[in-house]
Amino acid sequence: MPTPPAPTLRAAILGATGAVGQTFVRLLAGHPQFEVVSLVASERSAGKPYREAARWLQAEPLDERIGGLVVEGVDAAPDADVVFSGLDASVAGDVEADWARRGYAVVSNARNWRLDPAVPLLIPEVNPDHLALVDRQDWGGAAGGFVVTNPNCSTVGLALALKPLHDAFGVDAVHVVTMQALSGAGYPGVPALDALGNVVPFIAGEEEKLAVETRKILGTLGAAGVADAEITVSAQCHRVPVVDGHLEAVSVRLREPAGAADVAEALRSWRGPLAGLGLPTAPPRPLAVFDDDASPQPRTHVNLGGGMTVSVGRVQDCPVLGVKFVVLSHNTVRGAAGGAVLNAELLAHEGRLAGAVA
Ligand SMILES: NC(=O)C1=CN([C@@H]2O[C@H](COP(=O)(O)OP(=O)(O)OC[C@H]3O[C@@H](n4cnc5c(N)ncnc54)[C@H](OP(=O)(O)O)[C@@H]3O)[C@@H](O)[C@H]2O)C=CC1
Ligand SMILES: N[C@@H](CC(=O)OP(=O)(O)O)C(=O)O
């Protein structure tokens with residue numbers, strides 16, 4: 001067996017002990033480009049070996065080398081080409097700004113900077129051109145620092161499914177009803193007596209994020225920044241007793257006439273702009289389209305493409321808005337750490353990380 005090439009880019013993880021931080025650790029262990037060299041969390045964890053500081057929740061065992069790294073506080077200054085952030089949103093805004101000011105390339109999963117006009121809200125298959133926004137960032141410190149964000153975990157599936165339709169027919173209005181997994185609320189998350197055998201019809205801030213983030217992601221980058229897509233979005237969000245995988249019932253009004261068969265074909269034939277680039281975390285196809293009446297389902301389909309494929313099914317004509325379908329995406333992989341790793345792979349591909357070979 002030939003020896004695989006050694007990773008060339010050093011990675012730090014902020015919020016490494018949390019649910020999303022641990023998913024970063026799992027996805028980056030053995031990554032062909034990124035080597036984890038630094039783990040950062042709160043003062044509660046700083047000074048401890050990672051295997052003691054983190055209550056490991058992943059299904060795969062913790063990487064032996066990473067488990068031995070000593071967790072640092074947020075004032076750490078590692079020699080890192082890229083910094084992944086799974087920080088709690090209560091601190092992510094200030095901490096990420098400080099790291100960008102100190103010249104780091106911050107690839108964040110937190111919500112804090114997503115709507116900043118100079119910060120890309122990136123899904124590499126949907127709006128890779130928005131990455132150019134980083135050239136307009138000035139954090140008032142060392143040169144070269146920037147922040148790139150990935151969307152809310154419900155928004156990413158919706159935006160990926162809408163992209164081929166927006167390109168082909170124009171999307172005018174969307175009504176989306178989400179059924180969101182418990183892991184979206186982190187650990188320990190929703191109390192068992194609220195979750196078991198129940199549905200909670202409210203997730204704070206989620207309905208607003210689905211609307212504003214979708215419009216920015218599908219917007220157009222120009223000299224003045226991103227002009228939001230003119231799409232009306234109404235969302236209703238629910239927490240359901242599923243472990244992983246956000247399911248969404250989506251109804252769409254298109255600007256040009258198209259029926260369910262046209263929509264299914266547009267989704268099925270779409271490959272996206274990453275095809276052929278060889279980015280390690282990019283799934284072979286970003287969208288999987290199902291014809292059978294019982295797909296997609298979280299338990300069956302959530303791990304398609306290593307959790308990076310978004311599944312679409314039940315594409316039907318809709319007497320209210322025109323067309324309707326169901327979308328499923330993995331909330332902690334495509335909707336969080338996996339999406340951020342793919343963002344970093346695109347940054348590396350574009351030569352935007354120090355030491356990266358474009
Ligand atoms: N869970 C999910 O599916 C998704 C989560 N997100 C977002 O990702 C982020 C992380 O979520 P999640 O992993 O669930 O959260 P957790 O609460 O599990 O983890 C939070 C992390 O932030 C660290 N942290 C908390 N306070 C501080 C502080 N004052 N200084 C430094 N570090 C601190 C924690 O360190 P310590 O262990 O030392 O306290 C921990 O590493 C949030 O912004 C969340 O909104 C986004 C999409 C999906
Ligand atoms: N609100 C999401 C998880 C989350 O933290 O989202 P955001 O990254 O937008 O804060 C969920 O509950 O499933």
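Predicted model only: the values in this text are computed from it and were never measured. Both ligands and their constituent atoms are indexed starting at 1 by order of listing.
Between Gly184 and ligand 2, an N or O atom pair is found at a separation short of 3.5 Å.
Contacts classified as salt bridge (charged side-chain N to carboxylate O under 4.0 Å, His left out) and involving residues 248-271 (residues at least two apart or in different chains) are given here: Asp172-Arg253, Asp172-Arg255, Arg268-Asp291.
The His246 neighbourhood of ligand 2 comprises atoms 13 (O), with distances under 4.0 Å to a heavy atom of that residue. Each of the following atoms of ligand 2 lies closer than 4.0 Å to a heavy atom of Cys153: 2 (C), 3 (C), 11 (C), 13 (O).
At a threshold of 4.0 Å, the pair Glu125-Lys163 does not count as salt-bridged, since none of the basic side-chain nitrogens sits closer than that to a carboxylate oxygen. With salt bridges taken as basic N to acidic carboxylate O contacts below 4.0 Å, one links Asp135 and Arg352.
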Find all protein N or O atoms under 3.5 angstrom from an N or O atom of ligand 1 and list the pairs with distances, or write 'none'.
from     : atom 1 : to     : atom 2 : distance (Å)
ligand 1 : 1 (N)  : Ser183 : O      : 3.1
ligand 1 : 3 (O)  : Ser183 : O      : 3.3
ligand 1 : 6 (N)  : Asn109 : ND2    : 3.2
ligand 1 : 8 (O)  : Asn109 : ND2    : 2.9
ligand 1 : 13 (O) : Ala19  : N      : 3.0
ligand 1 : 13 (O) : Val20  : N      : 2.7
ligand 1 : 18 (O) : Ala19  : N      : 3.0
ligand 1 : 22 (O) : Asp88  : N      : 3.2
ligand 1 : 32 (N) : Ser42  : N      : 3.3
ligand 1 : 35 (O) : Thr17  : OG1    : 3.2
ligand 1 : 37 (O) : Thr17  : OG1    : 2.5
ligand 1 : 38 (O) : Ser42  : N      : 3.1
ligand 1 : 38 (O) : Ser42  : OG     : 2.6
ligand 1 : 38 (O) : Ser45  : OG     : 2.5
ligand 1 : 39 (O) : Ser42  : OG     : 3.4
ligand 1 : 39 (O) : Arg44  : NE     : 3.2
ligand 1 : 39 (O) : Arg44  : NH2    : 2.7
ligand 1 : 41 (O) : Gly15  : O      : 3.1
ligand 1 : 41 (O) : Thr17  : N      : 3.4
ligand 1 : 41 (O) : Thr17  : OG1    : 2.7
ligand 1 : 41 (O) : Gly18  : N      : 3.1
ligand 1 : 43 (O) : Leu87  : O      : 2.9
ligand 1 : 43 (O) : Ala89  : N      : 3.4

Would Gln22 and Thr17 satisfy side-chain hydrogen bond (donor to acceptor under 3.5 Å, both in side chains), going step by step from the backbone distance to the final call?
-> CA-CA 6 Å; Gln22 291 186 22; Thr17 49; over 6 Å; no
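There is no side-chain donor-acceptor pair under 3.5 Å between Glu207 and Gln236. With 3.5 Å as the limit, one finds no donor-acceptor pair spanning the side chains of Gln33 and Thr8.
Evaluated by nearest non-hydrogen atom to atom 12 (O) of ligand 2, the leading choice among Arg239, Arg114, Gln180 is Arg239. Closest to atom 9 (O) of ligand 2 by heavy atom, among Glu213, Arg111, Glu206, Lys209, is Lys209.
Residues passing the side-chain contact (heavy atoms from CB on, under 4.5 Å) test with Asp129, sequence neighbours excluded: Asn127, Leu221. Not counting sequence neighbours, the partners of Val95 by the side-chain contact (heavy atoms from CB on, under 4.5 Å) test are Leu14, Val74, Leu87, Val91, Trp99.
A donor-acceptor contact shorter than 3.5 Å links the side chain of Tyr104 to the backbone of Pro78.
Atom 6 (O) of ligand 2 has as its closest protein heavy atom Asn152 ND2, 3.3 Å.
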